[in-house]
Q: 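Quick one: the structure is below, and I'll ask about it shortly.
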Amino acid sequence: MTHFFDQLADDLKGRLSALAAAGTIPALPETLGGVVIEPTRDPAHGDVATNAALALSKVLGLKPQVLGQQIAEAMRGHPAVVEASVAGPGFVNLRLSDGFWRDQLAAILAAGAAFGASDKGQGQKVNVEYVSANPTGPLHVGHCRGAVFGDALAALLEKIGYAVTREYYINDAGGQVDTLARSAFLRYREAHGEAIGEIPEGLYPGDYLVPVGAGLKEKFGDRFLNQPEEIWLKPVKDFAIAAMMVMVREDLEALNIKQDVFFSEYSLHTSGRIDEALQVLIDKGLIYEGVLEAPKGKQPDDWEPRPQTLFKASEFGDDTDRALKKSNGAWTYFAADIAYHLDKYRRGFRRQIDVWGADHGGYIKRMRAAVKAISGGEAELDVKICQLVKLTRGGEPVKMSKRSGSFVTLRDVVDEVGKDVVRFMMLTRKNDAPIDFDFDKVTEQSKDNPVFYVQYAHARARSVLRNAAVDIPGLDTGRASLAGASLDRIATVDELALVKLMAAFPRQLEAAAEAHEPHRVAFALYDLAAGFHGLWNKGKDDPSLRFIHKDDPALTLARLALLQAVCDVIASGLGILGVTPVEEMR
RNA sequence: GGACCCGUAGCUCAGCUGGAUAGAGCGCUGCCCUCCGAAGGCAGAGGCCGAAGGUUCGAAUCCUUUCGGGUCCGCCA
């Protein structure tokens, strides 16, 4: 199902072709890609407008006004068009019939919470990789934002017809997991009764490692006590990483996030796939031995120029070439990452999206360069950077958490305000803008809290539906009954305005999905909630505008159908955001 | 030094990939509560879209330059 803007645009293009075929206008160019039907900004201009005359005037050699008149005349033949006029520099404004909008309403009721779904993505495979936190501790608020963002983006892409895989890359190969192992070993000794005192600088201090130490004791007994590190490091590391990943998954489940693939970096090292990736690049002539210049600005103390194995990232838009091997011969993180993205490509993902934290911004160019290089330009990587979340309580910064030993954990936040609030709030800002998250404000029940405002709209509509069933005994407010309502009773300008708002929702979803910007869904829901609350408020001054009319069950039913549609659209949008629509506010 | 992000109302931010008279919430001013839920409602004031050029029918949006704020720079992960 495509939304009505595209349907109208297709119809328009057909009419343009007919005009050209009849010789009324000159022959059209090959593609009419720039020609669109859009909502008007000002309702006074009509319901929708097309830029066709402006977009085509040049190639056709006609003045926009003249071409616009032809287009307007042609569109008057459309059954839903009740008015077509040329305005401004050459826009063709169209006013659509009330019947057309009632049909849109009926379509919403038929689709239910699936409203807005489409096959625009044509089942193409998309890989969304997000969270991918190092398995060294519980997730913190920064991960929380990335987790919600990635999950909502994945749902959004699914909604418009992409085949989405949600993926987590486990950084289980670097020095940090060795640190984890040493930290866990300390807790292991502690579990055996040793007084470990202060956690030394450089090791992870969090309490969450205490049960890991106990688990190590249970599994290995005293076997590793007083043994050198080379004996215990690997088994302790494996055990600790597994424990961390269990914890990470639990944290994610608290947000109702379940990823499809958990991909181990370590497996790339042991399977020879990094060598394979290197070979791909060698075959393309993109690897050489060379010496990089020292980074400018902040000079590392121990910098010495050395010949290294380098990837020609600068040929693909990066600022400089990048090292793939350390001086000790080990692979760099970047080398493993190339192999990882090659693996994604080989699994059929030509569309790849990585969601990263704010501190990784400097890594984007080289990764995009690498993906371009290894796929021969066939795969496209989009990297979404999630900016910082500033936590406050009553305006005061919140930074510490007991459990982690330092940072505020994802669990701290979810446990306090709930998953729905967290998920919605994390999406009320563009990913590249910082978020202020105030524990007091996000749970406040007022208009300036968007979570509440949207939830309240759904609850309020549901409440009226429940009240109607009580007020008018025998009135069937079930979905089937509402679908059979006489929608021609939906006739006031305000009601139709709300229908128009809802009908525009699928187009907004598509735009949000294509831009990889799930926050737009949250804003669309806010607008819809505002539209509904506005209609509701009109009924306070003018009783004839209220939804329930005891003496007119048919009118009531039609208006309840409108309310049901509001619920459906909100449920559809909240579903993408991963927020549960509520029946009532408490 | 360089790269990236941001700069829109007093504040916090949207702005649907270049469209018509730039929007919302908060705050401010005035009016409104016997009323389907006043955990509000209506109306109003408030803008050189950081600045300067450029691209074109048309720019908050694209390009260049510039100023301000933030993040970052590695053989780390």
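Given the structure is predicted, the values throughout are model-derived calculations rather than measurements. A note on names: the letters A, B, ... follow the listed sequences, proteins ahead of strands, and every chain is numbered from 1.
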Q: Is the Phe263(A) ring parallel, tilted or perpendicular to the Tyr340(A) ring (thresholds 30°, 60°)?
A: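 Tilted.
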Q: Report the residue (Asp471(A) or Arg520(A)) whose heavy-atom-nearest nucleotide on RNA chain B is the more 5′ of the two.
A: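 On the 5' side of the pair lies Arg520(A).
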Q: So Asn93(A), base contact, sugar-phosphate only, or nothing? Heavy-atom distance under 4.0 Å.
A: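 Touches a base.
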Q: With rounding to whole Å, what would you report as the distance between U17(B) and A59(B) at their C1' atoms?
A: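 That atom pair is separated by 13 Å.
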Q: If only side-chain N and O atoms of Lys58(A) are considered, is one of them under 4.0 Å from the OP1 or OP2 phosphate oxygen of C57(B)?
A: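 Yes, within the criterion.
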Q: Enumerate donor-acceptor pairs with a distance under 3.5 Å from any side-chain N or O in residues 431-442 of chain A to protein atoms, sequence neighbours excluded.
A:
from      : atom 1 : to        : atom 2 : distance (Å)
Asn431(A) : ND2    : Ile385(A) : O      : 2.9
Asp438(A) : OD1    : Gly394(A) : N      : 3.3
Asp438(A) : OD1    : Asp440(A) : N      : 2.8
Asp438(A) : OD1    : Lys441(A) : N      : 3.3
Asp438(A) : OD2    : Thr392(A) : OG1    : 2.8
Asp438(A) : OD2    : Gly394(A) : N      : 3.3
Asp438(A) : OD2    : Gly395(A) : N      : 3.1
Asp440(A) : OD2    : Gly394(A) : N      : 2.9

Q: Taking only the side-chain heavy atoms of Arg41(A) (C-beta and beyond), determine which of G19(B), A3(B), U21(B) contains the nearest atom.
A: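 The nucleotide sitting nearest to the side chain is G19(B).
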Q: Taking only the P atom of each, what is the distance from A24(B) to A43(B) in whole angstrom?
A: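 Those two atoms are separated by 11 Å.
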Q: C1' atom, G68(B) versus G50(B): distance in rounded Å?
A: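 About 7 Å, rounded to a whole number of Å.
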Q: Classify the angle between the aromatic ring planes of Phe452(A) and Tyr456(A) as parallel (below 30°), tilted (30 to 60°) or perpendicular (above 60°).
A: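 Parallel: the ring planes of Phe452(A) and Tyr456(A) meet at under 30°.
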Q: Whole-Å distance between C72(B) C1' and Asp432(A) CG?
A: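 In whole Å, C72(B) C1' lies 15 Å from Asp432(A) CG.
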Q: Would you indicate what Arg559(A) reaches in the nucleic acid, counting non-hydrogen atoms under 4.0 angstrom: base, sugar-phosphate, or nothing?
A: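 Counting heavy atoms under 4.0 Å across all strands, no contact is made by Arg559(A).
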Q: Using a 4.0 Å heavy-atom cut-off, does Gly534(A) contact any base of the nucleic acid, only the sugar-phosphate backbone, or nothing at all?
A: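 Gly534(A): no heavy atom of the nucleic acid under 4.0 Å.
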Q: Mark yes or no: Arg507(A) above the aromatic ring of Phe5(A), with NZ or CZ under 6.0 Å from the six-membered ring centre and no more than 45 degrees from the axis.
A: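 Positive - Arg507(A) is close enough to the ring of Phe5(A) and near enough to its axis.
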Q: So, Tyr526(A) and A24(B): ring centres less than 5.5 Å apart, planes less than 30° off, yes or no?
A: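 No; centroid distance or tilt outside limits.
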Q: Can you tell me the distance, in whole Å, between the NZ atom of Lys540(A) and the P atom of C35(B)?
A: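 About 12 Å, once rounded to whole Å.
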Q: May I ask which nucleotide in the shown strands pairs with C48(B), Watson-Crick or G-U wobble, both distances under 3.5 Å?
A: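 Because no pair has both required distances under 3.5 Å, C48(B) counts as unpaired.
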Q: When we call it a touch if two heavy atoms are under 4.0 Å apart, what does Arg546(A) touch: a base, just sugar-phosphate, or nothing?
A: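 The residue Arg546(A) makes base contact.
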Q: Which sits closer to the 5' end of RNA chain B, Asp359(A) or Thr40(A), going by the nucleotide each is nearest to?
A: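 The residue mapped nearer the 5' terminus is Thr40(A).
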Q: Contact class for Phe547(A) (heavy atom, under 4.0 Å): base, sugar-phosphate, or nothing?
A: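 Result for Phe547(A) = base.
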Q: I want to check a possible cation-pi pair here: Lys325(A) against Trp331(A), using under 6.0 Å from ring centre and within 45° of the ring axis as the test.
A: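 Cation-pi check for Lys325(A) and Trp331(A): passes.
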Q: Within the structure shown, what part of the strands sits under 4.0 Å from Ala515(A) by heavy-atom distance: base, sugar-phosphate, or nothing?
A: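 Touches a base.
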Q: Work out how far the C1' atom of A22(B) is from that of C72(B), and round it to whole angstrom.
A: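 Those two atoms are separated by 33 Å.
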Q: Regarding Ala87(A), tell me which of base, sugar-phosphate or nothing describes its non-hydrogen contacts under 4.0 Å with the strands shown.
A: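 The answer is base, as Ala87(A) lies within the cut-off (heavy atoms under 4.0 Å) of a base atom.
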Q: Would you mind reading off the distance between Gln65(A) atom CD and C57(B) atom P, rounded to a whole angstrom?
A: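 It works out to 15 Å between those atoms.
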Q: Check the phosphate of U17(B) against Arg507(A), side-chain N and O only, distance under 4.0 Å to OP1 or OP2. Yes or no?
A: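 Looking at the OP1 and OP2 atoms of U17(B), one of them is under 4.0 Å from a side-chain N or O of Arg507(A).
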Q: With P as the reference atom in both, quote the distance from U29(B) to A45(B) in angstrom, rounded to an integer.
A: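 Looking at atom P only, U29(B) and A45(B) are 16 Å apart.
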Q: Taking the C1' atom in each of A9(B) and C48(B), what is the distance between them to the nearest angstrom?
A: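 Here A9(B) and C48(B) have their C1' atoms 13 Å from each other.
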Q: For Arg322(A) and G2(B), give me the distance from atom CZ to atom C1', rounded to whole Å.
A: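 Spelled out: CZ on Arg322(A) to C1' on G2(B) is 11 Å.
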Q: Go ahead and name the base partner of C35(B); Watson-Crick or wobble counts if both distances stay under 3.5 Å, otherwise write none.
A: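 With both distances under 3.5 Å required, C35(B) matches none.
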Q: Check this one for me: any side-chain N or O of Lys326(A) less than 4.0 Å away from OP1 or OP2 of A77(B)?
A: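 Checking Lys326(A) against A77(B): at least one side-chain N or O falls below 4.0 Å of OP1 or OP2.
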Q: Under a 4.5 Å cut-off applied to non-hydrogen side-chain atoms, are Asp420(A) and Val451(A) in contact?
A: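 No. Closest side-chain heavy atoms not under 4.5 Å.
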Q: Heavy atoms under 4.0 Å, any strand shown: does Arg429(A) hit a base, just sugar-phosphate, or nothing?
A: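 The residue Arg429(A) makes sugar-phosphate contact but no base contact.
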Q: Side-chain N or O of His519(A) less than 4.0 angstrom from OP1 or OP2 on G15(B)?
A: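 Looking at the OP1 and OP2 atoms of G15(B), one of them is under 4.0 Å from a side-chain N or O of His519(A).
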Q: Please measure how far the P atom in G1(B) lies from the corresponding atom in G54(B), and state the result in whole Å.
A: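 Taking atom P in both G1(B) and G54(B), they lie 29 Å apart.
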Q: When the distance from CG of Leu528(A) to P of C16(B) is rounded to whole Å, what number comes out?
A: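 Atom CG in Leu528(A) sits about 19 Å away from atom P in C16(B).
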Q: Under 4.0 Å between any heavy atoms, over every strand shown, what does Pro89(A) touch: base, sugar-phosphate, or nothing? Just pick one.
A: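 Contact class for Pro89(A): base.
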Q: Classify the nucleic acid contact of Gln387(A) as base, sugar-phosphate or nothing, counting any heavy atom under 4.0 Å across all strands shown.
A: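 Counting heavy atoms under 4.0 Å across all strands, no contact is made by Gln387(A).
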Q: Do any of residues 309-317 of chain A sit with a heavy atom less than 4.0 Å from RNA chain B, and if so which?
A: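 The answer is none.
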Q: Let's see if you can work this out: which of C76(B), G40(B), C16(B) has an atom nearest to the side-chain heavy atoms of Phe452(A)?
A: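 In terms of side-chain proximity for Phe452(A), the closest of C76(B), G40(B), C16(B) is G40(B).
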Q: Could you give the CG-to-P distance, from Asn449(A) to G25(B), as a whole number of Å?
A: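 Value for this atom pair: 15 Å.
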Q: Using whole Å, what does the distance between atom P of nucleotide G58(B) and atom CG of Leu54(A) come to?
A: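 Going from Leu54(A) (CG) to G58(B) (P), I get 11 Å.
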Q: Categorize Ala459(A) for me: base, sugar-phosphate, or nothing, with a 4.0 angstrom heavy-atom threshold over every strand shown.
A: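 Counting heavy atoms under 4.0 Å across all strands, no contact is made by Ala459(A).
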Q: In whole Å, what is the span from the OH atom of Tyr456(A) to the P atom of G40(B)?
A: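 That distance rounds to 8 Å.
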Q: Any base atoms under 4.0 Å from Arg366(A), or only sugar-phosphate, or nothing? Heavy atoms, all strands.
A: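 The residue Arg366(A) makes sugar-phosphate contact but no base contact.
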Q: Pick base, sugar-phosphate or nothing for Thr332(A), based on heavy-atom distances below 4.0 Å to the nucleic acid.
A: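 Contact class for Thr332(A): sugar-phosphate only.
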Q: Can Glu380(A) and Arg368(A) be counted as an ion pair, charged N to O under 4.0 angstrom?
A: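 Yes, this pair counts.
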Q: Between G70(B) and C13(B), how far apart are the two P atoms, rounded to whole Å?
A: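 Looking at atom P only, G70(B) and C13(B) are 15 Å apart.
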